[in-house]
Amino acid sequence: MDTQVAIIGGGPSGLLLSQLLNRAGIDTVMLERATRSHVLSRIRAGILEWGTVELLRQTGVDARMEAEGFPHDGCYMTDEDLMVHIDFKALTGKQVMVYGQTEVTADLYAAQDAMGTTIIHEVEDVQILDLDQAKAAVEYTVKGERRRLTCAYVAGCDGFHGVSRKTIPAEKRREFERVYPFGWLGILSETPPCNDELIYCNSPRGFALASMRNAHLSRYYLQVPLTDKVEDWSDEAFWSELKRRLPSATAAAMETGPSIEKSIAPLRSFVSEPLRWGRLFLVGDAAHIVPPTGAKGLNLAASDVHYLHEALVAALKSGDESGIDGYSEKALARIWKAMRFSWSMTTMMHRFDGEDAFAEAMRRATLEHLAASETARRELAENYIGLPY
Ligand code: FAS
Ligand code: PHB
């Protein structure tokens, strides 16, 4: 089989890239390791930067997001009962959209089916070859049969544990990493959100986040030690601990209920450079991981897709290779700024083992400064709503 662009991975990165390329008349084949139902069962990001919203509009996959998504003008940062409102709209003129990654993925799969693009699920043993030849090749096994796909370019959209990044020789990769000594215990509950906007909570007991998916579905997170297991946390224990970290008035008024999903995600900051190796281009989590504190993971994948889509269209339609030659440097420039913001939000709002009273005082002073300084709030807002592409 032959195609113009082979896309490894059928998560948001792969789907968004496939949608944009096929709309530009470029042929793709997508290879996804999991079943579609497994991909669609994942509960992950909840916040779309406005750039991601615009990109989904550009792909024509925005109808349900416009109908069911919630534009948010701001969020709260708290330290016990100190609540600081960050008014994105007033400070930057922009909003964010509350619309789950699960829904974005479902919308993209539906759009891909409507376009009749080629998506092959349950592939195994993917190997990416001939990246320095006139045509690249991808070999894979599906239903016991070994197949070979030739293509002009390969998009590595296969996430942190995928094969694409590891196809670049280790000695040619520069990797940067910070593994945080805690995780996020997240639950989904069919309860009304405790607040009209998100609340990022800093407390002596650790970080908490009050988020949502819609007016009847709430998403909450607690910072927990890496040694914790989901089974260590009953719903009652979760709600009780969350209430101790939220501002007291919010905790007193909130509605609790049974969890319909509960999971623990580890936190890390990670970047692998370069994003290109011959005919292979890394996109999204295949190249970088951010702690979810800054709501950047999915949104960074979107900006990578924006840059690579434009570059591949220019190369394949007009023979102009300047975009693909500049992709890695251009994408990394935005990646590193989002990496810094996510790291700063994480270090500002989480407790680290062995901390002293000084660290706690610094955290409180940061929140007090945010409360007093419009400049500080604007800096946070600019990063949260998403830096320009
Ligand atoms: P993904 O990992 O989503 O998709 C990669 C795809 O490639 C998967 O479907 C996988 O099955 C497939 N694949 C892997 N290896 C393959 C192979 N060898 N061959 C073929 N296919 C292969 N981001 C936020 O902004 N906010 C959050 O709250 C948030 N929470 C998260 C919670 C968890 C548990 C995780 C893991 C991530 C979270 N993220 C969050 C980040 C997340 O949303 C990612 O940024 C986003 O999924 C990136 O999308 P992709 O780059 O498509 O990678
Ligand atoms: C979520 O709703 O899942 C969410 C929101 C904001 C974050 C992280 C996760 O920073």
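From a predicted model like this one, the values you see are computed outputs, not experimental measurements. Counting starts at 1 for both ligands and their atoms, in listed order.
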Item to complete: Indicate whether any N or O donor in one side chain lies under 3.5 Å from an N or O acceptor in the other, for Ser303 and Asn299.
Response: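 Distance-only check fails for Ser303 and Asn299.
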
Worksheet item: Does any donor atom in the side chain of Arg178 or Tyr180 lie under 3.5 Å from an acceptor atom in the other side chain?
Response: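 Judged by distance alone, the side chains do not pair up.
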
Discussion item. Taking atom CG as the centre, does Asp353 end up with more than 12 heavy-atom neighbours from other residues, nucleotides or ligands that are less than 6.0 angstrom away?
Written reply: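 Open: at most 12 neighbouring heavy atoms sit under 6.0 Å from CG of Asp353.
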
Worksheet entry | CH2 (Trp343) with more than 12 external heavy atoms under 6.0 Å |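 Open.
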
Discussion item. What does the 4.0 Å heavy-atom contact list look like for ligand 2?
Written reply: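 Around ligand 2, where the cutoff is 4.0 Å for heavy atoms, the contacting residues are Arg44, Gly46, Ile47, Trp184, Leu198, Tyr200, Leu209, Ser211, Arg213, Arg219, Tyr221, Pro292, Thr293, Ala295.
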
Worksheet item: Would a 4.5 Å heavy-atom cut-off, applied to side chains only, mark Ile128 and Leu131 as touching?
Response: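 They are in contact (side-chain heavy atoms under 4.5 Å apart), so the answer is yes.
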
Could you give the N/O to N/O pairs under 3.5 Å linking ligand 1 and the protein, each with its distance?
residue  : atom   : partner : partner atom : Å
ligand 1 : 2 (O)  : Arg44   : NH1          : 3.4
ligand 1 : 3 (O)  : Arg44   : NH1          : 2.8
ligand 1 : 9 (O)  : Glu32   : OE1          : 2.8
ligand 1 : 9 (O)  : Glu32   : OE2          : 3.3
ligand 1 : 9 (O)  : Arg42   : NH1          : 2.8
ligand 1 : 9 (O)  : Arg42   : NH2          : 3.3
ligand 1 : 11 (O) : Glu32   : OE2          : 2.7
ligand 1 : 11 (O) : Arg42   : NH2          : 3.0
ligand 1 : 21 (N) : Arg33   : N            : 3.1
ligand 1 : 25 (O) : Gly297  : N            : 3.1
ligand 1 : 25 (O) : Leu298  : N            : 3.4
ligand 1 : 43 (O) : Gln101  : OE1          : 2.4
ligand 1 : 45 (O) : Asp285  : OD1          : 3.0
ligand 1 : 45 (O) : Gly297  : O            : 3.3
ligand 1 : 45 (O) : Leu298  : N            : 3.2
ligand 1 : 47 (O) : Arg44   : NH1          : 3.2
ligand 1 : 47 (O) : Gln101  : NE2          : 3.0
ligand 1 : 51 (O) : Ser13   : OG           : 2.7
ligand 1 : 51 (O) : Asp285  : N            : 3.0
ligand 1 : 52 (O) : Pro12   : N            : 3.3
ligand 1 : 52 (O) : Ser13   : N            : 3.0
ligand 1 : 52 (O) : Ser13   : OG           : 3.4

Worksheet item: Sequence neighbours excluded, which residues qualify as salt bridge (Lys or Arg N to Asp or Glu O under 4.0 Å) partners of Asp196?
Response: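 Partners of Asp196 under the salt bridge (Lys or Arg N to Asp or Glu O under 4.0 Å) test: none.
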
Worksheet entry | For Arg57, salt bridge (Lys or Arg N to Asp or Glu O under 4.0 Å) partners two or more places apart |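 Partners of Arg57 by the salt bridge (Lys or Arg N to Asp or Glu O under 4.0 Å) criterion, ordered by chain and then number, come out as Glu54, Glu66.
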
Practice prompt. Please check if the side chain of Lys296 supplies one atom and the backbone of Tyr384 the other of a donor-acceptor pair under 3.5 Å.
Written response: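 Such a contact is found between Lys296 side chain and Tyr384 backbone.
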
Worksheet item: With a distance cut-off below 6.0 Å to the six-membered ring centre and an angular limit of 45° from the axis, does Arg165 pair with Phe160 as a cation-pi contact?
Response: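 Pair Arg165/Phe160 counts as cation-pi.
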
